[in-house]
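Below, chain A is the first sequence line, B the second, and so on; all start at residue 1. These numbers come from the heavy atoms of this one structure, side chains and all, not from hydrogens, waters or symmetry mates.
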Amino acid sequence: MLQVAAVRANFEDYVKGLGKRSIHNADELLKELIELDDQRKKTQQQLDEIKSKANQIAKNIGQLFKQGKQEEANAAKAESAQLKEQSKALGEQLSETEAALQSKLYNIPNIPNLLVPSGKSEDDNVTVKLEDTNIPNLYEGAKPHWDLIAEYDIVDFELGNKVSGAGFPFYKREGARLVRALVNFFLDEAQKAGYMEVQPPIVINEDSGLGTGQLPDKEGQMYGITDSNLYLIPTAEVPITNMYRDVIVDEKELPIKNVGYTPCFRREAGSWGSHVRGLNRLHQFDKVEIVQIANPENSYQILDEMIAHVENLVKSLELPYRILRLCGGDLGFTSAITYDFEVYSAAQEKWLEVSSVSNFETYQANRLKLRFKDKDGKKTLTHTLNGSGLAVPRILAAILENNQTAEGIKIPTALQPYTGFDFIKVPNS
RNA sequence: AGAGGCGUGGCAGAGUGGUCGAAUGCGGCGGUCUUGAAAACCGUUGUACCGCGAGGUACCGGGGGUUCGAAUCCCUCCGCCUCUGCCA
């Protein structure tokens, strides 16, 4: 969330920034924020004064009792009772103001970076790199992946429907093996790039949801375990970033680089339609996530490094891809800048998002109270960044579709050591 | 899951209603001594908010309550330990 002091200092820039997200009443919003903060300060001043008086009286009463001055003590008690009422009322007022301020802050998204183009929808995203030279000329009988997986019987939606529900498929045979291969490949590559591997919990508590910005208000996107007040994670970003909630790290430790593989769970309420078939959108999918905690001084350099890492993965898998810079309207709530990776799915003839790499600057760090001690011992918010490296199902879909031949499916060379096979033959051939 | 115990500053650990933001030790920082280091000795050392400042307020796992006054008493939640049970 935003810091009020920063809002005061950069008012005009922030209004402009929020404008890129098509928030047109930003100046009102931010003004309200400042007013609430002013009110908070004023109330606290009054409250502190009353409490100070009450503390003084309480001390005196102790003395009076010791000296045996009962009557004076009792008189002081009466005065104290009055102060108590005042302070109770003011205290409630203060809590209300703080809650209102907090809720306003929770509901204002991050300020987009200067590079972020304004725009309303994905149509306004900017392609910053296009590597489409690899787009295959598929043979006559080429099929979309949902037909391929049925034909080869390597992903089973029917079975998933029966056991769990729509969007929870079974992967079978080479399909299961491919998922495991991709996960291992991604993890190994991240480790080579200096990330520490972690295996985080896949349920999180409310504080963690608040820390990275899934809560409040976006509960609808997560599966909740209501009897325990926990949520299934929508991405490993949540547990891995929250490792550093309420932590003050040493400047020398930065950047901190962690990677983790987890299944991800998304309700995707309302986002189903005929355009999302097969593996394109699922309630449960596997993803390897890279997360960095960075010094604000070089977080954009680190963002570039993370983009390069993801680009390498896609290249190694020989997939045609493009990189987009998201416009304000398509930018996630907590992000200051996001680059999306999309791979081309030849049989569907469309681009599939497989990775999102973002810099959150201090937005998450402020919620997390994640700070570092700089050279002068001053505590400063870090920047947080993360990216998918990568999400499995759409990569799988693209591999199946782009690498299909009349005889079967070729496995990319880089993946072969992980799959243990280099080809999936057409059944009964 | 049941019974009992516990949760205090970076760490260890005292503190059972006022003089406690909190003893003491360790660690950290500064200094004396030393060619240098160690040891010893002296000093210093929590965080957040409000205030131009003086200063004030809050914080002893979280939240609530009792009281003129709570680290201390009560309720509740969370976590840890021990025993019993269950389980991969």
Side-chain angles (χ1 to χ4, degrees), chain A residues 1-9 33-106 199-211 215-216 224-231 238-239 242-253 263 362 365-382:
Chain A
M1 64 192 169
L2 303 179
Q3 302 163 84
V4 181
V7 172
R8 288 177 193 272
L33 210 60
I34 292 175
E35 277 163 23
L36 274 172
D37 193 49
D38 286 339
Q39 199 187 325
R40 188 198 109 244
K41 288 183 183 184
K42 211 177 94 195
T43 312
Q44 193 183 332
Q45 266 174 50
Q46 292 170 348
L47 181 61
D48 282 359
E49 203 178 310
I50 288 171
K51 281 187 166 170
S52 175
K53 263 188 220 164
N55 284 345
Q56 202 53 51
I57 291 171
K59 259 182 207 165
N60 284 341
I61 291 175
Q63 291 300 317
L64 291 173
F65 272 129
K66 251 177 223 167
Q67 295 161 13
K69 298 179 181 164
Q70 287 286 343
E71 276 160 46
E72 282 178 54
N74 286 330
K77 270 195 195 182
E79 192 185 347
S80 174
Q82 209 182 2
L83 285 174
K84 201 186 174 181
E85 261 174 55
Q86 283 181 41
S87 97
K88 200 175 176 189
L90 272 173
E92 273 164 23
Q93 199 183 320
L94 182 63
S95 315
E96 273 169 35
T97 308
E98 279 173 344
L101 181 61
Q102 182 74 255
S103 132
K104 274 249 151 46
L105 282 167
Y106 275 148
Q199 184 63 242
I202 59 173
V203 296
I204 48 125
N205 59 26
E206 200 178 343
D207 284 345
S208 294
L210 287 168
L215 297 174
I225 305 171
T226 46
D227 60 359
S228 317
N229 244 314
L230 298 168
Y231 298 87
V238 182
N242 272 282
M243 289 163 66
Y244 300 93
R245 171 154 48 81
D246 292 317
V247 168
I248 296 171
V249 298
D250 203 290
E251 189 176 19
K252 289 190 288 274
E253 296 170 51
T362 57
N366 189 33
R367 286 199 183 187
L368 294 160
K369 294 197 188 68
L370 164 50
R371 292 163 295 175
F372 71 98
K373 253 189 195 156
D374 68 16
K375 301 144 215 141
D376 310 320
K378 219 182 101 200
K379 293 180 190 71
T380 311
L381 292 173
T382 68

Need the pair for B:A88. Rule: Watson-Crick or G-U wobble, both distances under 3.5 Å, any strand; none if unpaired. none

Kindly say whether A:A76 contributes a backbone atom to a donor-acceptor pair with the side chain of A:S80 at under 3.5 angstrom? no

Using purine N1 to pyrimidine N3 plus N6-O4 or O6-N4 for Watson-Crick, or N1-O2 and O6-N3 for G-U wobble, each under 3.5 Å, what pairs with B:U16? none

Pairwise C1' distance for B:A40 and B:C49, with rounding to whole Å: 42 Å

Of all nucleotides in RNA chain B with an atom under 4.0 Å from a non-hydrogen atom of chain A, which is the first and which the last going 5' to 3'? B:G18 to B:G69

Please report the distance separating the P of B:G56 from the corresponding atom of B:C20, rounded so that it comes out in whole Å. 15 Å

B:G79 to B:U24 separation - C1' atoms, rounded to the nearest Å: 28 Å

Please tell me if the side chains of A:I204 and A:N242 come closer than 4.5 Å, counting only heavy atoms from C-beta onward. no

Gap in Å between the two P atoms, one belonging to B:C81 and one to B:C26, rounded: 30 Å

Pick the nucleotide of RNA chain B nearest each of A:K88 and A:K379; which residue has the one closer to the 5' end? A:K379

Tell me the salt bridge (charged side-chain N to carboxylate O under 4.0 Å, His left out) pairs involving residues 35-50 of chain A, sequence neighbours left out? A:R8-A:D37, A:R8-A:D38, A:D37-A:R40

Determine which nucleotide pairs with B:A23, using a 3.5 Å limit on both distances of a Watson-Crick or G-U wobble pair. none

Identity of whatever pairs with B:U47 - Watson-Crick or G-U, under 3.5 angstrom: B:A58

Any side-chain heavy atom of A:L368 sitting closer than 4.5 Å to one from A:D246? no

Tell me the partner of B:G7, counting only Watson-Crick (N1-N3 plus N6-O4 or O6-N4) or G-U wobble (N1-O2 and O6-N3) with both under 3.5 Å; none if nothing fits. B:C78

Once you round to the nearest 0.5 Å, how far does OG1 of A:T362 lie from CZ of A:R371? 13.0 Å

Closest non-hydrogen atoms of A:L2 and A:L105, given as atom of the first, atom of the second and distance, are O-CD2, 3.3 Å

Distance check, C1' atoms only: B:G25 and B:U34, in whole angstrom units. 27 Å

Between B:G13 and B:G61, how far apart are the two P atoms, rounded to whole Å? 15 Å

Euclidean distance for P, B:G10 against B:C60 (whole angstrom): 14 Å

Is there a Watson-Crick or G-U wobble partner for B:G30 with both distances under 3.5 Å, and which nucleotide is it? B:C42

Below 4.0 angstrom, which residues in residues 38-54 of chain A have at least one non-hydrogen atom near RNA chain B? A:R40, A:K41, A:Q44, A:Q45, A:D48, A:K51, A:S52

If only side-chain N and O atoms count, and only distance matters, is there a donor-acceptor pair under 3.5 Å linking A:S52 with A:N55? no

In Å and rounded to the nearest 0.5 Å, what is the CG to OG1 distance from A:L370 to A:T380? 11.0 Å

Across the strands shown, which category fits A:I57 at heavy-atom distances under 4.0 angstrom: base, sugar-phosphate, nothing? nothing

Using 0.5 Å steps for rounding, measure from the OG1 atom of A:T382 to the CD atom of A:E253. 11.5 Å

Between B:U72 and B:G65, how far apart are the C1' atoms? Round to whole Å, please. 15 Å

Counterpart base for B:A71, defined by Watson-Crick or G-U wobble contacts under 3.5 Å: none

Taking all atoms of both residues into account, what is the closest heavy-atom pair of A:Q44 and A:L94, and its distance? N-CD1, 4.1 Å

Counting the atoms with a prime plus P, OP1 and OP2 as sugar-phosphate, which does A:N55 contact under 4.0 Å by heavy atoms, base, sugar-phosphate, or nothing? sugar-phosphate

